[in-house]
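Small disclaimer: the values here were computed from a predicted structure and weren't measured. All values below were derived from every heavy atom in this structure, side-chain atoms included, with hydrogens, water molecules and symmetry-related copies excluded.
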Amino acid sequence: MNLENDFNPYILGIFCNWCSYAGADQAGTSRMQRPANLRILRVMCGGRVDPQLILDAFKKGVDGVLISHCYPGDCHYVEGNYKTIRKIPILQLYLKQFGINPKRLKFVFVSASEGFKLTNYIKEFVQVLRVLGSNPISLEG
């Protein structure tokens with residue numbers, strides 16, 4: 001039995017309403033197949049996501065967090081995605097201090113018309129998480 005292939009990571013996707021969530025919707029309406037590992041949390045802007053939300057997600061057992069945002073310069077809130085771009089490296093260092101591999105946090109840009117690209121990002125992230133295995137700090141079980 002190959003545990004690497006049997007492990008199905010639980011992924012929290014934090015998607016901005018205007019681009020990434022619309023891209024996920026476009027992928028769904030186009031019947032693109034994506035792994036069922038992802039649960040999407042739609043937010044108006046990823047720039048408003050408090051890093052504590054991400055830490056809490058890991059604490060509660062998610063194996064990975066995928067943050068998907070509008071491209072720089074395309075944010076409906078002007079600079080929201082730039083705020084996230086600045087937060088991610090700091091948050092990855094913070095995760096490392098808690099013994100969480102920074103590869104468990106992925107940040108991508110996806111526009112409303114890029115459902116195929118989003119689907120590929122999800123598939124790639126699932127493969128990375130399968131290699132890493134389950135979340136080492138889950139307090140939920």
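Contacts of Tyr94 classified as ring-ring contact (aromatic ring centres under 6.0 Å, His included), with partners at least two apart in sequence or in another chain: Phe98. In terms of the side-chain contact (heavy atoms from CB on, under 4.5 Å) criterion, residue partners of Arg86 (sequence neighbours excluded) are, by chain and number, Tyr82, Lys83. Annotation: side-chain contact (heavy atoms from CB on, under 4.5 Å) contacts of Lys87 (sequence neighbours excluded): Pro51. Under the side-chain contact (heavy atoms from CB on, under 4.5 Å) criterion, Asn81 pairs with His69, Cys70, Cys75, sequence neighbours left out. Not counting sequence neighbours, the partners of Arg42 by the side chain to side chain donor-acceptor pair (under 3.5 Å) test are Asn17. Residues satisfying the ring-ring contact (aromatic ring centres under 6.0 Å, His included) criterion with Phe109, sequence neighbours excluded, are Tyr71, Phe107.
Residues Lys117 and Val108 fail the side-chain proximity criterion, which asks for heavy atoms closer than 4.5 Å. Leu41 is listed as a side-chain neighbour of Val43, based on a closest heavy-atom distance under 4.5 Å. Counting heavy atoms from C-beta on, the side chains of Leu38 and Val126 never come closer than 4.5 Å. With contacts defined as side-chain heavy-atom distances shorter than 4.5 Å, the pair Met44/Cys16 does not qualify.
The minimum heavy-atom distance linking Gln92 with Leu105 is given by the pair NE2-O, 3.3 Å. Nearest heavy-atom pair, Asn135 versus Val62, reported as atom, atom and distance to 0.1 Å: ND2-O, 2.7 Å. Across Tyr77 and Cys45, no two heavy atoms sit closer than the pair CD1-CB, 3.5 Å. The minimum heavy-atom distance between Phe58 and Arg104, with the atom names listed, is CZ-O, 3.5 Å. Across Phe15 and Leu118, no two heavy atoms sit closer than the pair CE2-CD2, 3.7 Å. What you find for Val49 and Leu53 is that their closest heavy atoms are CG1-CD2, 3.7 Å.
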Go through the steps to decide whether Tyr121 and Ser68 satisfy the test side chain to side chain contact (heavy atoms under 4.5 Å, CB included), and finish with yes or no.
CA-CA 10 Å; Tyr121 281 139; Ser68 187; over 6 Å; no
Verify side chain to side chain contact (heavy atoms under 4.5 Å, CB included) between Leu95 and Asn101, making sure each step is shown before the conclusion.
CA-CA 7 Å; Leu95 290 173; Asn101 189 317; over 6 Å; no
Going through the distances and angles, do Lys106 and Val128 end up as a side chain to side chain contact (heavy atoms under 4.5 Å, CB included)?
CA-CA 10 Å; Lys106 184 171 181 75; Val128 167; over 6 Å; no
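For Asn37 (side chain) and Tyr10 (main-chain N/O), no donor-acceptor pair under 3.5 Å exists by modelled atom type. Under a 3.5 Å cut-off, the side chain of Asp63 and the backbone N or O of Ile11 do not form any donor-acceptor pair. Counting only distance, with no hydrogens or angles, the side chain of Arg39 and the backbone of Leu12 share no donor-acceptor pair below 3.5 Å. Not one N or O on the side chain of Ser111 forms a donor-acceptor pair closer than 3.5 Å with the backbone of Cys19.
Enclosure of atom CD in Glu124 by more than 12 non-hydrogen atoms of other residues, nucleotides or ligands within 6.0 angstrom is indicated.
Side-chain contact annotation: Asp56 with Gln52, donor-acceptor N/O pair under 3.5 Å present.
One finds the CD1 atom of Ile100 at 7.0 Å from the CG atom of Leu55 (value rounded to the nearest 0.5 Å).
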